[in-house]
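Mind having a look at this structure? Questions to follow.
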Amino acid sequence: MRILIVEDDPVLADGLTRSLRAADYAVDCANDGAAADHVLAAQHYDLMILDLGLPKLDGFEVLRRLRRRGSRVPVLVLTARDALDDRVKGLDLGADDYLTKPFDLPELEARVRALIRRGQSGGASVLTHGALALDTAGRRATLNGEPIELSARELGVLEVLMLRSGRVVNKEQLAEQLYGWDEEVGANAIEVYVHRLRRKLEPAGVTIRTIRGLGYLLEKSPHA
Ligand code: CA
């Protein structure tokens, strides 16, 4: 799950980034409206947290351009206290929810979870692959209907592999789904997640093949 934070207050941006990363989201941060507009046109996000008062391009304009491009990314707007007009205008422009500053981080996290769930229920939220099913909205995987224990990052890797099953997925594509721009991705981290997934899935006949030099491929074992 990848989130874009658009906030020009460095202290707030940093606090939000830390708390969402601690909750296992991949987080990117833009500190002005033009940078946000640029990255939104190029990268898929599962949620945007948008401050309205921004340098270069204000939050309303970022939102207007995003919706004009047809994007349905859920947007949580941050507004100043008593700024009723801003809230109304934001919702009219296609924001999904708003939060008044100052806010508590647990409340923000609850809103984030709700919006991501809602955003995902729009598309097919259960991916299946043989006996394996992944509920992307509920963040749960099952094998033959039995829940399997997976960490948030293992679920992230599995989601990408299932979305592209039968095709080779490289490590960069996996890292992109799991990490923000400025997070250090250990060269071995992806290998470790894939290794753990294999151990959990292979007994049920679900095989993740390593294609040397290219990446990974999810395939059903012939015995399945
Ligand atoms: Ca601001």
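Indexing begins at 1, ligand by ligand and atom by atom, following the structure's order. Being a predicted model, the structure only gives us computed values, none of them experimental.
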Do we see a donor-acceptor contact under 3.5 Å between the side chains of Tyr25 and Asp46? no
Asp8, N/O/S atom nearest the Ca ion (ligand 1):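 Of the nitrogen, oxygen and sulfur atoms in Asp8, the Ca ion (ligand 1) lies nearest to OD1.
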Scan side-chain atoms only and decide if Thr210 and Arg198 contain a donor-acceptor pair under the 3.5 Å cut-off.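 Judged by distance alone, the side chains do pair up.
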The Ca ion (ligand 1) contact by Gly53, N, O or S atom under 3.0 Å: yes
Distance check, rounded to the nearest 0.5 Å: Leu20 atom CG versus Leu105 atom CG?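 So the gap between those two atoms works out to 8.0 Å.
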Assess whether a salt bridge exists between Arg18 and Asp14, defined as any Lys/Arg side-chain N lying under 4.0 Å from an Asp/Glu carboxylate O. yes
By atom name, which N, O or S atom belonging to Asp51 lies closest to the Ca ion (ligand 1)?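 The atom in question is OD2.
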